[in-house]
Amino acid sequence: MIAEEKLKILTESAKYDVSCSSSGSKRKNGGGIGNGYPAGCCHSFTPDGRCISLLKILLSNDCIFNCRYCPSRRDADCPRATATPEEVSELVIDFYKRNYIEGLFLSSAVHISPDETMEKLLLTVKKLRREYNFHGYIHLKGIPYADRALTEEAARYVDRMSYNLELPSEESLRLLAPQKSKEALLRPMKELQKSRLVFTAEKRKGLFLPAGQTTQLIVGASPETDGHILRLTQSLYRGIGLKRVYYSSYVPVVHDALLPEKPVGERREHRLYQADWLLRFYGFSAEEIVESGGNLSLELDPKCAWALRNMQIFPVEVNTAPLELLLRVPGIGARSAYKILEARRYTRLNFEHLAKMRVVLKRARHFVTAGGKFFGNANPAAVRGLLTAGEEKKNAEQLSLFSDAETALSAHTGEL
Amino acid sequence: MIYFYDGSRESFLTAFLLAYPDEEACLTSSGRQLAIGQQSIFVRADPERAKRAEKRLREIDPDCLDELDLMLRSGDRDKDRTLFEYFRLIAARGEPVRKMLAEDAVSAADECMRRITFEVHRFHGFLRFMESASGALYAPISPDHDICDLLVPHFRTRLPQYPFVIHDVKRKKAAVYDGSHTFLAPLEKAEVALSADEAEWQKLWRRYYASVNIPSRERLAQMRGYMPVRYWKFMPEK
């Protein structure tokens with residue numbers, strides 16, 4: 001059994017990686033323990049609101065690299081630990097059978113050399129799959145600069161692999177992670193994607209990264225705009241076929257003259273995720289969402305902001321609008337759009353029906369008509385005001401007294 | 001008229017057949033206060049009547065009987081009304097209605113079923129096994145809906161070598177997998193002798209849970225939203 005202190009060190013070094021999902025793999029239980037869960041499954045939630053799906057640990061936090069944002073970098077004065085493949089395997093099996101976890105997320109600091117580290121990771125996942133007969137989910141972090149043959153072999157055993165780009169531009173990488181380059185991170189992703197396509201095309205036996213690849217970008221440690229980040233994201237989805245891009249707002253765990261002292265507001269991260277969803281599920285392009293040198297609005301969600309810039313399209317009639325257009329209406333999500341399509345085949349829908357289908361009328365009413373009726377405000381400036389007022393109240397980071405008309409009024413009347 | 005039924009499928013179908021023509025009918029399976037002057041009858045399951053109702057419903061919409069089985073598991077307070085109105089609409093229209101989502105009866109039934117299947121999904125994650133001295137796994141749960149047997153196929157596929165018991169302590173019953181067969185049994189209380197390592201693994205899990213959290217980003221409301229407090233009781237990390 002792994003020592004408690006070792007588990008603590010290896011977990012704390014891994015926890016800033018935000019990737020958590022266990023979705024996308026239909027791996028079958030081949031007579032041992034475990035199987036895939038295509039929809040993904042959360043097993044617990046921590047007080048920071050994040051889900052625990054996989055056991056997320058490093059094999060070692062003893063690093064030869066010296067990336068300035070990283071708490072495990074070579075020069076950092078921190079406790080070091082290295083686990084053996086046996087310790088990790090045993091931990092996975094015992095946590096898994098108690099239903100604590102959906103599988104393993106294994107990463108490592110670059111210990112001794114990239115190849116040596118990758119070999120050790122490969123050894124661990126092979127042990128789990130072969131000796132322990134484990135068929136649950138495994139997400140393996142790729143080690144940049146490791147030999148391609150090792151990486152491709154690992155891809156045959158795990159469900160998902162990821163390389164973290166971390167910084168959204170070459171310049172920032174050079175400055176903050178001088179031993180990494182954008183090309184060194186993108187190359188293995190492209191190679192894996194190519195091999196995966198060949199593997200599928202040749203209908204070879206077994207699995208090759210059934211849940212694909214993902215990456216992570218740190219937001220706010222470097223000066224890139226949201227426009228830049230979303231264009232990069234879009235090219236990763238379209239060009240390399242990544243399943244997901246994660247965004248991690250920068251948390252200053254390390255003090256360094258080149259890094260900001262203050263954490264980035266979580267609102268920015270939230271807006272990036274909203275925009276990411278628009279790219280993947282709502283048919284938007286990065287160019288529509290934000291101009292290249294610009295940032296997303298913090299007050300308005302990106303769909304509202306887009307709609308307000310394109311008021312000539314609205315209002316749309318919910319009884320006739322095609323799905324693509326319904327999906328672009330603020331307040332109508334993918335689920336309610338589908339419900340509208342089904343329900344309107346039987347009845348002419350009105351606003352009451354929409355409310356029942358969980359359409360958020362507070363936003364949607366300015367952009368739709370139902371049975372020819374319109375209950376919104378036709379003036380874009382007024383709509384912007386109405387929508388931001390609500391947002392600010394809900395998400396305000398710091399409320400000042402009498403900050404909006406309503407509170408000011410209630411202060412006068414004494415009705416709080 | 002109020003029609004009491006015992007919560008079983010057969011008795012629901014019997015009561016449904018009786019209540020259907022009655023405009024003022026109300027169906028219920030739980031004790032409730034009667035308003036003065038309200039009449040009520042207790043409907044005993046009648047296999048012949050139930051079969052007739054089932055046959056007719058199957059002709060109209062073969063899938064609606066699975067929906068009935070699912071909704072009968074609901075722990076919602078107004079599930080009887082949801083069920084009755086949904087099946088009344090099916091019978092009245094004479095066609096499948098599940099996509100008429102603008103109808104109150106349909107959206108209520110849709111939500112009712114979603115709550116049950118969602119809870120099954122949640123317990124795929126939130127259920128916690130402990131290892132007994134014999135190696136069999138034991139998990140107590142206290143779900144909103146009557147779902148303990150619905151959890152079995154998932155864990156059986158996943159852990160075929162481990163016999164397990166999923167114990168619904170609220171409804172005092174258990175779904176059991178003995179290594180080859182599964183069955184349901186009444187179970188009041190279980191005395192489980194834990195394996196030698198069980199406490200150590202739970203301790204390691206608690207350590208992991210504490211270590212993976214980022215304290216500077218505390219968002220308790222979000223945590224509780226995703227993992228409601230009522231589920232915490234049997235989770236060693238909480």
Problem set entry | Part of B:D104 within contact of chain A (heavy atom distance under 4.5 Å) | both
For this session: Give, as side chain, backbone, both or neither, the part of B:T157 having an atom under 4.5 angstrom from any heavy atom of chain A.
Result: both
Problem set entry | Shortest non-hydrogen contact from B:R156 toward B:S180 | NH2-O, 3.0 Å
For this session: Select one option (side chain, backbone, both, neither) describing which atoms of B:E218 are under 4.5 Å from chain A's heavy atoms.
Result: both
Exercise. Under 3.5 Å, is there a donor-acceptor pair linking the side chains of A:T11 and B:S211?
Worked result: no
Exercise. By a 4.5 Å heavy-atom criterion (distance strictly below it), what part of A:N29 contacts chain B: side chain, backbone, both, or neither?
Worked result: side chain
For this session: Go through the side-chain N and O atoms of A:D48 and A:T46 and say whether any donor and acceptor fall under 3.5 Å apart.
Result: yes
Exercise. For the residue pair B:F129 and B:Y162, is the inter-centroid distance of their aromatic rings smaller than 6.0 Å?
Worked result: no
Exercise. Mind checking whether B:Y20 and B:F16 have parallel, tilted or perpendicular rings, split at 30° and 60°?
Worked result: tilted
Exercise. A:Y96 and A:F134: aromatic ring centres closer than 6.0 Å?
Worked result: yes
Problem set entry | Proximity breakdown for B:F123 and chain A, heavy-atom pairs closer than 4.5 Å | backbone
Exercise. So which part of B:Y209 gets closer than 4.5 Å to some heavy atom of chain A, the side chain, the backbone, both or neither?
Worked result: both
For this session: Please flag which part of B:L137 lies under 4.5 Å from any non-hydrogen atom of chain A: side chain, backbone, both or neither.
Result: side chain
For this session: Check whether B:E111 gets within reach of chain A through its side chain, its backbone, both or neither, counting any heavy atom under 4.5 Å.
Result: side chain
